[in-house]
Each structure stands twice: as C-alpha cells, then as structure tokens.
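Some notes on the structure that comes next.
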Amino acid sequence: MILCLAADRVPPNIMRKNAYNFSELEPKWRKYWEESGLFRVQADSAKQKFYCLVMFPYPSGTLHVGHARNYVIGDVVVRYKLMRGFNVFSPMGWDSFGLPAENAAIKEKIPPAEYTSKNIAAMKEQLLVWGTGYDWTSEITASGPDYYKWTQWVFLKLYEKGLAYKKKAFVNWCPSCSTVLANEQVLEGRCERCDNAVTQKDLEQWFFKITDYAQRLLDDLQQLEHWPERVKLMQRNWIGRSEGAMVEFMIEGKDIPLPCFTTRPDTLFGATFMALAPEHPVIETFIDALAEGDPKRDEILEFVEKARNESIIERSAAGAPKEGIFTGHYVINPVNNDRVQLWIANYVLMEYGTGAVMSVPAHDQRDFEFARQYGLPVRVVIQPEGEAIDPDTMKEAFTGDGVQVNSGQFDGLPNSEAKGEITKYLKKDNRGERSVNYKLRDWLISRQRYWGAPIPIVYCEKCGTVPVPEDELPVVLPDIKNFGSAKGSPLAREENFVNTKCPKCGGEARRETDTMDTFVDSSWYYLRYLSPRDDKRAFDSGVVNRWLPVDQYIGGVEHAILHLLYSRFITKVLHDLGFVDFQEPFQNLFTQGMIIKGGAKMSKSKGNVVSTESIIERYGVDSLRLYLLFIGPPERDAEWTDRSVVGGFRFLKRLWQKVASHADELKGVKRWEGDVGSLPDDSRGIYRATNRVIKEVTKDIEGSWHFNTAIAAVMELFNEVEKFEPGDAVSRQVLRHSLESMALLLSPFVPHICEEMWERLGNEPGIFEREWPSYDHGAVEEEQLEIVLQINGKVRSRLTVSPDTGEDEIKAMALEDEKIKGFLNGKKVVKIISVPRKLVNIVVK
RNA sequence: GCGAGGGUGGCGGAACUGGCAGACGCGCUAGAUUUAGGAUCUAGUGGGUAAACCCCGUGGGGGUUCGAAUCCCCCCUCUCGCACCA
C-alpha cells in the first residue's frame, strides 16, 4: 500500500519493474520451495545428516511475534545448514493433547478434536507464511490414534520393565483443573496451567519410576557439552542428589525402627529430638494406641489434620511458622543411647527421605528455631576453631566446619572426618549406613481428564491389573458429549468405554479411566518423526539410530526441567530395552529468549500480544524476520518495539532498489574472481569490504548464532555499496560479486527477497541449492592500518600506515606526530608500549 | 535464603583472548523534496562547552595495569530458577 503511494512519482513502467513488491514475490518463492521439495529430507544421501528440531507447539490458536522469533531462529539454522551441504531433517508436528482443548469443549461446546484441528490448520498456515521450512511429509499429531497408539506402547514397555506402577500417595491436586499434577507442574504451590493453589490428596495413581534413573540422569549431564549451563544446573538441582547416612532410631518400648536420612552424621551426638512429617504412617499407630476421648489423642488428631490440609503454598512459604506437637513417645539415639522426644512437625516433608528427621538444633537452623520455640535442649557437638559456642546463648545454628565435642570417642576429630567415621561405627552395629538421597520424585502421569492418551490398562476381578496387549492398541479415546467438570475423569462416566473384557480371561472387566500426562506424548515424539506413518511399530530402530541424537534442538527455557528431563529419561529406558543405541536424545540445545512487551512476556493472558499479520501486510515477512533476528542475540529476552520494524524494511527496500536498478547491466557480466591487486581503488575497496563481511557473517552464524551482528555487518557493507556506481566492466563484476554475496549471506534470514534478487541478477533460481559463499583470503587484509596513538592511555592522535611497517618505525613516527609532540612538550617519556597493528601508548611523566 | 544471568546514549543493542566505548538499527534535530504521508534524500545526534583537537562518561565505591565496559574485592539493583530437601 505504502509502496504504491511512495512510487507515485516514478514513471509507472519503472515502478512496476523495480518496486519491492514483497506481497507478490514472497508467496511466489514459498510456492517454489514447496514444489522443489527444498525441505524434504533425502532418504538416501551421501550428505552428512543434520537433524534440526524445534519443540513442537501446543496448538493453542494463533501465534504471535514471540512465537515467530522462535521458529525463525530454527529456520535460519535449517537454511544455513542446507547451504552448507547437509542433508537436513526439519520436521514439525503438534503436541495436541491437553487441557485447553477440553476447557474449550466445556465452555464453548466444541469437541476437543475439532477445536484442535481448527487450531492446527490456522497455525500451520502461519508457519507457512513465515517461510519457516519443514518437511511436512513427516508431520505428526500427538492426539491422533496413529500417534497415541504408540504413546500407549511406550507405557506398556515401561510397565513390562516395572517402571510404570500404581501406588497410593499424597499427590498434588489442582481443584480448578480437577486433576492431579506432577511435581514438575507445581510452581510455587500453584498449578502450572491455571495458577490456582494446589492441594494434597491421598490417591491411587500411576507413576513412572524416573527415580531409578536419577543417578544416570545426573551423570550424563556431563556428556551434554553443548547444552546451556543454566539448563544443566536446573536439572542438577531438580534431581537434588545429597550424600549422607541412613540412621536407625528405635521407638522406646515398641521395637519399631524409625530410620531417618541425614547429610550430617557428624552431628548425630547433637540430636536432641526427632521430628516426623504429619503424614508419617507411624503416627496412626500412636493415635490408635490412645483411648477415644483422651485429650492427647484429640490434640494430635487436630494438629495432624490441620497440617495435612495446609496447601503447599502455606506450608512451604519462606518463613512459614514452625509448629509441632510432642507425641508422648521417645526414641533412642543409636550412637549414644540417648532418649530423646519424638515430635510431629509441620516443616518435615513426607516426600523427602523417610519423613522422619533427627533434629540437631545446634547445627541446623530449622531445628534450632523449633527447639527454641518449644524449649527443647540444644547440644553443641562441633566447635569452630578458636571459638566456643555456648548452647544457651547462641543466636543461630552453627553450620560450618569445626572439631567434634560431646561426641564420645569421636571428640577431637575434624567434623569432615567424623562424618565417615560415625557412619562406619553405625554400620558395624547395623544401625546405619552410607546413603544417597534425591529430591527427584517419581513422575506422576495419571490425569483425571479426557483429552489425553488413555492408559492402556484393564482391571479384572480375577486377574487383577492387566495391560492391554500390544495388538489391541490403540485404546481409542471415545467421542463423548459430557465434558462437565463433575467428579472424576469424564471417561469414567462413559459406560461403553469403561466396561470391557479382560484380555487375559475374557471375563468382565473395567478400563482404567485416567489418561496420560501430555508430557508423555512429547517425551518420545522426536523418534516418531523418522517414520511417522509406520503402523507396525512406534519407530524404526535402524533409522532412528542413524538420525539421532538430534543435532540441534531449539526451544524455550520453560522446558528446562519438565520436557527435557522426561525425554532424557524415556530415551534411557528405550536404550535399556534395546530399542535405541544412544542414551541422550539431544546433542545440542539452544534455548531462545522470550519476546517481552511492556515488561511482561508476550502472551494472550497478559493481553500484550502483537500479531504478525498486520506487520506482514505492511512490511512483508522478510522485514518481520529481519527485525526479529536483528532485535538482539537470540538466546536473550528482547523487548518488542512496533516502530523499529520499519528499519529492516527500509534496508531491504534500499537493497532491492540497488539490485533491481542494476539488474539489467549486471546480468551478462561474471562476478569478479580475479586478483585484488589488479583492481582500481574504488572497486578494490568494495571487493575487500565484501570479503571481510563474508568472513564475519560466517563466523557470527557458526559461532554462537549472533544473527544481530551478522545482519549489522551486511547493513554496514551495503551502506558503502549503495553509493558505488559501476563505470566499467571490471567495476560491474565487482558490484555483481558484492550484491550476489549479500543475497547469499542474507538468504537464511530473509529468504524470499534473496531468492528474487538472486534470480534478477541472472542466476538459476534456487539460492538454497547454492553453496554458502567463501571469501578470498587475499582480500580480507586491510591495505592500510590505522594506529591509535595514546599518551598515558588516552587517545591523542592516529597514524595511517601500511601493514608491513615495522614496530620501531611506527614508534618513531608516533613521536614525530604533530599532535603528540604538543602533548610531549616538557614531559619525560618513561616508556613506549606498542601493540602490533593496533596502537602505540607513550607513557610520560 | 541458595543458585544462575544481567545493568553500556532517549530506545534495541555493538565492542574478538584488557587496547579507538556507543558499530548497526529505531527515535530525535535541521535542511531538501513533497499540497498530504508510518514516503524519500542529505547532515547531525552520549554529556559538558560558543566550539573544540579539551574535560567527564559503561549501576556505585575501591583496586590491579602503560591502558579496564572487560580482571580482582565490596556494595546496590533487575530478571529467572529452586526454596523448611534434614
């Protein structure tokens, strides 16, 4: 629109021919890529493979510029690798099971399948318009029976291996989504999806035994050299390995052992009480032992009930008040036979360790606070060197290193040594041993929701829990009408679904009505892409072993723990089962930054989304892409500014004008490939600058994806080239070389315009089948060096010399420089520092 | 509280292993062209200053160095992750 107006004053014939008509040329080239099969992977190719994977999206509806940035970053890599001669595999699919579709069904009465496919169509259209290149022949949809059949197969494999199991446990419950959640899906005590407070429920649920793999998931992080440190650190912390000892206390007079985990066996002599989590099972026996109506019984019951009902937020809030109650029982400290009180305390977590902790107030801050609050004894067993801590006057726990005191035969040992010694001592009597504990808990995969893969399990009165045989998969998700958020899973209300025959005995049986967490779907999808239509197996091991690990994975940091940990786990399981050869699915991981607007992440719920449509309409896709890549380094968050998009557009338009206006005279000429030295001055400058920029852009892309500086370098070059008007044959060759190089260098970023420019310059269409440009090594050297002259580190003058000028010669020239002489006046030269090719610093007094 | 990453013009951001701070772009100012413009072109644009080749400037303070945005120490601040993990 603007262009037509802007071009008003240009004669119409030239205008039509030379206008940057992006709305015409962009679809033209997208069609060309599709028809030429540019992004279709080559089945048999001698070329080296490159599996470039971007995290497949949840089909939420329409995508905004923040999403566009993610996919464009991936597309740059794909196009660059193509030009580098790789056999690139770049698939795309849909993580299409999940709650929003079901909520839409409840609210708007649209069936989830319909809602989902509508969104997929809209998003696919956007991805196509953005020019992001995928091999659409391998598209997958997680909610399709041909996919979730194999998600169910993965479940069965884990079940066979004993890695999928059902247990009753206190689990996270989101009342608003009316489903349980994995630990990873609870953020600050709130549901990851809907932000409502999560409560605890004692339910029987399906779990994947990820804890069996805790150590390997931790160890193998070391192999992931090309993962961001930040992500590896987050996983390390989440796995949360602690070394220590398991120590067995005995309940006095009951002969009931009460093991507890501690990282500080060196403080065992200082244990002055013991604390149980309110959920600890032994508490029931205490309550049962007390007569009905006993006030102590009521007191304990009340305390336990209250603590159990506290939401995770209340219980885990920083500085939450510590509360507890004495059980009336005592336990015996195995190391010194001390009789200490057994308490129930709200700060003890059932999920970690054994749900019982030995409390050492002198050396643990939590225990200290608790002890002071309830008047429990404090005993110092470690004294820091040169200090004497007094248990009566200390203001906080001492957690540092020191020497053992009040610790029997261990007195005098440094506490670091006592750790091992005391553990050994316990081991002798079988009262304790070395132990490792992890924060990681098993992955809760049951969801009481409809829009997910049904768990392929049948319950038979006779045979018990029976897995659905592989040849009966998929357990099809039935079409249902009633999504109301009443109690239980919607599937549980479908009699036709629930009632079935036992696969083993053929008798009456009931189906499992929970579906799987959608993270199960996404934990193996990168394997399915390689044989998406195979109806005989989940994936082809041979093919998968050739293509995996993924060479480049690209996605948001928000998946640093959830998806990336689960995928690593499932890969290891499949490895152990002999299905794949590799143990880590993703060799390189790139986590891109978010687009921020008005200080917040761009999102529908924040109401700060910028849609791509209006920008594309006004400036074209290439301008949008250019801006998204130019906005900053791709791994960093970036603030969106509407008006800045125009900068990229102006640049492209100017570049276009230059190419279009010279296309005719350049068509027949060869690009310059001769010797730099033989070029006349102005052409030589352009030629050298072009070669330098080829080198620079290549380095920026290869290194750490500094697309912003790569683009800046081409802009800078063009600012020179734009002024260059060729007068003779040689200068036309040089101009052609320069314009062609720029088209090649920019093509991964702004592919449409580059294809068009490439063709206009008289080349065969298909710039991505061309090689990435190389540079003339003899032409990247500067002809003249500018030497900075400093006095005491301050720039005072400059010198232009040829690169072969000797160091002494430069020093002499520096001292002769007029401006320098002025500064030297009356001062004494102490020394002269010279940095070759860069500067001379004269130190004076 | 613990851990990680940031803080550079009006804005987004450049600055390779310490060596010209502010590339490139947005915006802004002046001029040209234009009846109009989210159009185009030219010049300028960190602050001080009439102006500069002068002085000051990379969150603050100290240090190392001929020379520090960059290295060291202390502090402030923002973002993210974890958070009573025994």
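The sequence lines fix the lettering, A, B, ..., with proteins before strands; numbering per chain opens at 1.
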Measure from [atom1] on [X] to [atom2] on [N] and round the result to the nearest Å.
X       : N      : atom1 : atom2 : result
I791(A) : G67(B) : CD1   : C1'   : 13 Å
F707(A) : G13(B) : CZ    : P     : 17 Å
K653(A) : C41(B) : NZ    : C1'   : 12 Å
Y20(A)  : A39(B) : OH    : P     : 16 Å
E323(A) : C84(B) : CD    : P     : 16 Å
E696(A) : A14(B) : CD    : P     : 14 Å
E351(A) : C84(B) : CD    : P     : 10 Å
N237(A) : G5(B)  : CG    : C1'   : 14 Å

So, N691(A) side chain and V780(A) main chain: donor-acceptor pair closer than 3.5 Å or not?
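No: the side chain of N691(A) does not pair with the backbone of V780(A).
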Are D442(A) and T211(A) close enough that a side-chain donor and a side-chain acceptor fall under 3.5 Å?
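Yes.
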Residue pair F273(A) / L342(A), side-chain heavy-atom distance below 4.5 Å:
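No, their side chains stay 4.5 Å or more apart.
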For each nucleotide in nucleotides 16-27 of chain B, reading 5' to 3', give B when a protein heavy atom comes within less than 4.0 Å of its base, S when such contact involves only the sugar-phosphate, and - otherwise.
B--BB--BBSSS
Over all strands shown, is [X] touching base, sugar-phosphate only, or nothing at heavy-atom distances under 4.0 angstrom?
X       : answer
D637(A) : sugar-phosphate
V843(A) : sugar-phosphate
K831(A) : sugar-phosphate

Are any of the side-chain nitrogens in E369(A) or R372(A) under 4.0 Å away from the carboxylate oxygens of its partner?
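Answer for the salt bridge query: no.
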If you take all heavy atoms of V348(A) and A356(A), which pair is closest and at what distance?
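Heavy atoms only, the tightest pair is CG1-N, 4.5 Å.
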Nearest of G13(B), G81(B), A86(B) to any side-chain atom of M234(A)?
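Among G13(B), G81(B), A86(B), the one nearest the side chain of M234(A) is G81(B).
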Side chain of Y347(A) (C-beta onward), nearest among C54(B), A86(B), C53(B)
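For Y347(A), the side-chain atoms sit closest to A86(B).
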Nearest-nucleotide comparison on RNA chain B, the residue closer to the 5′ end among N792(A) and D364(A)
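The residue whose closest nucleotide sits nearer the 5' end is N792(A).
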With both distances under 3.5 Å as the test, what is the Watson-Crick or G-U wobble partner of G5(B)?
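Answer to the pairing question: C78(B), which forms a Watson-Crick or G-U pair with G5(B).
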Once the angle between the rings of F649(A) and Y619(A) is folded into 0 to 90°, is it parallel (under 30°), tilted (30 to 60°) or perpendicular (over 60°)?
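Judged by the thresholds at 30° and 60°, the geometry between F649(A) and Y619(A) is tilted.
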